[in-house]
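The next block holds one structure in the form of structure tokens; read it before the comments.
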Amino acid sequence: MSGYEPRAIEQKWQAVWAGERTWEVPNPGQPGFDERKPKAYVCEMLPYPSGEPHVGHLKCYAVGDAIAHFRRRQGFQVIHPMGYDAFGLPAENNAIKTGEPPRVATERSIESFRRQFQEWGISIDWSRELATHKPDYYRWTQWIFLQLFERGLAYRTEAAVQWCPKDATVLANEQVVDGRCERCGTEVIQKKLEQWFFKITDYADRLLEDFDALESWPEHVITMQRNWIGRSEGAEVVFRCDEVDLEFPVFTTRPDTLFGATFFVLAPEHPQLEKLVAGTEAEAAVREYVDRVGRESAEERGAEDREKTGVPLGRTVVNPVNGEEIPVFVADYVLMEYGTGAIMAVPGHDSRDYDFAQAFGLPVRRVIEGVDPEAPGDADGLPYAGDGPMVNSGRFDGQGNRDAYAAMIEWLGEEGRGKTAVNYRLRDWLLSRQRYWGAPIPIVYCDECGMVPVPDDQLPVELPEIEEYAPHGQSPLAAATDWVRTECPQCGGAARRETDTMDTFVDSSWYYIRYLDPRNAEAAWDRAAAAHWMPVDQYIGGVEHAILHLMYARFVTKALADLGHLEVQEPFANLFAQGMITRDGAKMSKSRGNTVSPAEYVERYGADTARTYVCFMGPPERGGEWTDEGVEGVNRFLSRLWRLCDEVAERTEAVSDPAVAEAAAEETGGEARALLAKAHWSIDKATKDFERGFQFNTVISAVMELVNDAYRLKDVLYGDPAGDAALRFATATAASLIFPFAPHLGSEVYERIAGERVWEQGWPVADEAMLVSDTVTVVVQVNGKVRARVEAPAEAAQEELLELAKANENVAKYLDGTQIVKEIVVPGKLVNLVVK
RNA sequence: GCCCGGGUGGCGAAACUGGUAAACGCGGCGCCCUUAAAAGGCGCUACCGCAUAGCGGUUCGCGGGUUCGAGUCCCGCCCCGGGCACCA
């Protein structure tokens with residue numbers, strides 16, 4: 001007998017899997033490809049390699065690996081690859097601080113991730129490993145960019161960004177604190193810069209519609225994306241300013257309230273603002289207001305209880321439905337990013353317009369009858385957002401506002417002053433970054449030819465080595481003058497390269513396709529390989545990516561499909577969003593000092609314990625609180641299984657045919673049969689819970705129960721052939737079922753007891769006959785209260801159960817002197833006697 | 001404010017379509033093994049009460065309802081976590 005020594009076992013099996021390349025799968029047409037097996041693509045979100053892996057990684061890959069193993073043993077050909085999302089800001093910021101090149105720090109971290117994934121025993125097909133910062137990967141990221149560019153899905157335009165005048169750089173929103181630069185404290189200004197965008201808004205409707213095409217995504221993730229896209233239906237209505245001969249279209253979801261518009265508001269960034277006020281009395285005041293707003297951060301501007309401010313322009317526009325001239329204002333509660341950057345203000349039926357009207361003494365007009373008892377408003381019950389009959393609306397008076405809505409749009413259409421319109425909250429994807437550590441945007445600027453895409457045969461545009469990583473108003477790449485200076489691919493004349501790099505979300509929006517053909521030097525992937533493996537059957541990752549990454553990946557997949565490179569519209573058929581692990585009741589962070597290093601626990605308890613623990617803490621889609629006692633509990637359980645194996649291997653004889661064992665057990669009955677029955681119960685329970693949304697915590701508890709029963713019964717079973725067989729079956733079954741979580745121990749125990757490699761065995765199937773027992777416990781209730789539990793034959797008839805129930809002493813006590821008014825019998829479960 | 005999750009023992013949690021609430025684990029208590037300790041094995045452990053081999057009462061955030069029967073279904077609230085938020 002020897003104790004459970006995870007280190008030795010884990011190294012042994014890891015060597016087997018690495019040496020035999022157990023988890024590698026070939027593509028169709030390659031040797032070893034099994035055409036009979038259905039495919040299953042199991043993929044966890046690739047890690048961002050920074051420092052060492054943390055428990056979030058451990059959980060993600062433990063969960064994904066359990067699924068991969070389960071599917072393999074269910075007969076699927078499973079592809080389960082791994083890669084690294086290697087470009088990005090943290091490595092670059094580290095470079096600015098320490099001078100260490102981002103590549104060096106990143107590759108050191110990748111080393112660490114790779115080593116730990118191997119130490120965890122994750123069943124990865126390492127032949128497909130990739131990293132997004134390698135030229136042979138980002139060459140194809142650039143290719144995808146150019147594909148989108150050629151179809152007009154990538155474009156360059158001016159956009160407002162946050163700019164620090166002292167550091168002379170663009171800042172991310174998170175780097176702006178209270179309107180000041182996080183680093184130097186200088187007030188940040190908004191600046192317009194040429195930026196690259198992907199036209200994701202073209203796909204807004206398809207991104208919404210295709211939720212229906214997904215097999216299983218968490219409802220809340222879909223809802224989050226839906227809200228993010230923010231589709232709303234309404235009308236576009238044109239207001240005209242005759243004085244300066246300009247037209248102002250507005251988007252409204254409430255065309256029924258058009259007659260209630262008493263003023264008009266433009267966003268401070270509205271491009272026509274200048275023309276409206278140039279040379280007027282209002283010019284100075286408007287300019288001052290716009291400047292002030294421009295200096296404010298998004299946070300300040302969006303503050304919940306912010307007071308309404310604005311400046312009148314001294315101009316009017318005409319309301320197309322009634323010819324009324326209404327005054328025009330500029331106000332920061334109107335956003336340039338949404339709709340047309342201009343609104344018709346209906347203070348009678350919109351609370352924001354109402355607040356503005358109050359602040360500026362503007363008229364409030366009711367056009368729909370009704371008062372909301374929940375939000376009563378002023379003395380007249382305004383603003384009122386509900387439904388009702390129209391008033392003060394000319395020809396529409398008396399109509400219900402819902403009917404008027406349609407009628408109004410129709411009428412506007414006839415007059416040529418409006419039409420139905422749809423608006424989205426979703427903005428185009430701003431993908432350019434004035435940063436070094438990313439994939440260069442493969443565009444060249446030529447004085448003669450303008451913007452020229454780098455031809456495919458000149459890809460990749462390699463990231464040059466530089467000395468100075470800090471940005472000075474443009475990408476650090478601009479300093480690499482030799483690199484920037486280039487030849488125009490069209491005319492051969494002098495040209496310069498684009499110095500911006502791509503957002504890392506571009507890199508990670510297609511990696512799951514590259515896995516399918518990672519060494520292809522001729523193309524991003526082979527179409528047949530992609531056609532075979534796509535879509536990802538099970539995608540696993542944290543909820544924090546519910547919106548950005550998952551939506552970008554969906555967009556890129558659709559765009560590539562439209563371009564004829566892919567056959568699927570959706571990349572991820574099933575999504576599993578894991579919950580976050582906390583410690584001391586809080587999210588783990590270095591500043592809080594409550595982080596957990598997986599390596600430390602793997603060192604102390606072994607990878608099997610660490611993996612099994614994160615799966616046992618609770619349902620994996622929920623968060624969980626990490627406790628050291630919990631880890632020890634799981635370690636105790638695995639040790640217990642180990643010792644059971646040790647003892648059973650020593651004290652029982654191997655029975656090669658399980659049918660023989662079962663027959664023997666059947667004959668003897670008693671404990672041997674009870675243990676076999678428990679084993680089959682565990683198989684049944686584990687399989688069902690696996691399939692019912694990956695309820696790993698209860699899968700593991702079922703195996704614990706089986707091991708507990710084996711311990712309780714083993715001493716009476718030893719020596720008896722049926723008993724030995726039952727013990728062997730129970731131990732092997734426990735090993736087989738725990739294998740997806742504790743693959744090393746599972747393999748070791750299974751090999752010692754059954755003499756086979758567990759991962760080569762099919763997932764066990766419960767014997768239905770072993771799941772039913774001869775007798776069942778039936779609960780007897782009197783008036784709904786439990787008064788007794790009686791043993792009854794499993795297939796006892798209603799009459800028989802009633803008799804048994806009434807015969808019970810304790811039950812009889814409660815029946816005494818009463819009259820039974822109703823008898824409810826649920827066969828095999830319960831009897832309820834209703835008495836008076 | 002709107003949209004999602006979630007509230008069950010001392011703690012993490014179970015409970016499939018309404019049918020034994022608390023499986024499994026942690027923690028705690030007791031016993032066995034041991035010269036002793038650790039490790040391990042076995043048992044008890046929702047709470048309260050009593051005439052304590054047993055029996056009774058009370059418990060799934062709060063208040064109602066449907067039902068023979070509700071953690072589970074319906075209505076109304078409260079609290080916690082997450083997302084979005086001046087989106088016209």
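Values below: all heavy atoms of this structure, side chains included; hydrogens, waters and symmetry mates excluded. In what follows, chains are A, B, ... by sequence order, proteins preceding strands, each numbered from 1.
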Sole residue of A:Phe690, A:Tyr613, A:Phe616, A:Phe576 in ring-ring contact (aromatic ring centres under 6.0 Å, His included) with A:Phe696: A:Phe690
Side chains of A:Tyr4 and A:Thr609, donor plus acceptor under 3.5 Å: no
Sugar-phosphate, base or nothing in reach of A:Asn708, heavy atoms under 4.0 Å: sugar-phosphate
Spacing of the P atoms in B:U59 and B:G10 (rounded, Å): 15 Å
Nearest-neighbour nucleotide for the A:Thr777 side chain, B:G41, B:C3, B:U20 considered: B:U20
From B:A88, B:C3, B:C86, nucleotide with atom closest to A:Tyr338 side chain: B:A88
Presence of donor-acceptor pair under 3.5 Å, side chain of A:Lys308 and base of B:C86: yes
Residue A:Met704, side-chain atoms from C-beta onward, closest of B:C16, B:G25, B:G27: B:G25
Atom C1', compared across B:U67 and B:G18: separation rounded to whole Å: 9 Å
Touch class at under 4.0 angstrom, heavy-atom based, for A:Asn810 against every strand present: sugar-phosphate
Rounded distance in Å - CH2 (A:Trp681) to P (B:A23): 12 Å
Neighbour count above 12 (heavy atom, 6.0 Å) for A:Arg604 CZ: yes
C1' atoms of B:G65 and B:G49, separation to the nearest Å: 32 Å
Rounded interatomic separation in angstrom, taking NE2 from A:His220 and C1' from B:G82: 8 Å
Validation row: A:Ser639, A:Asn635 side chains within 4.5 angstrom (heavy atoms): yes
Approximate separation, where rounding is to 0.5 Å, of A:Thr612 OG1 and A:Met617 CE: 13.0 Å
Minimum-distance nucleotide (side-chain atoms of A:Lys829 versus B:G19, B:A15, B:G6): B:G19
N/O donor-acceptor pair, side chain A:Asn227 with base B:C84, under 3.5 angstrom: no
Anti or syn - B:G9, cut at 90° from 0: syn
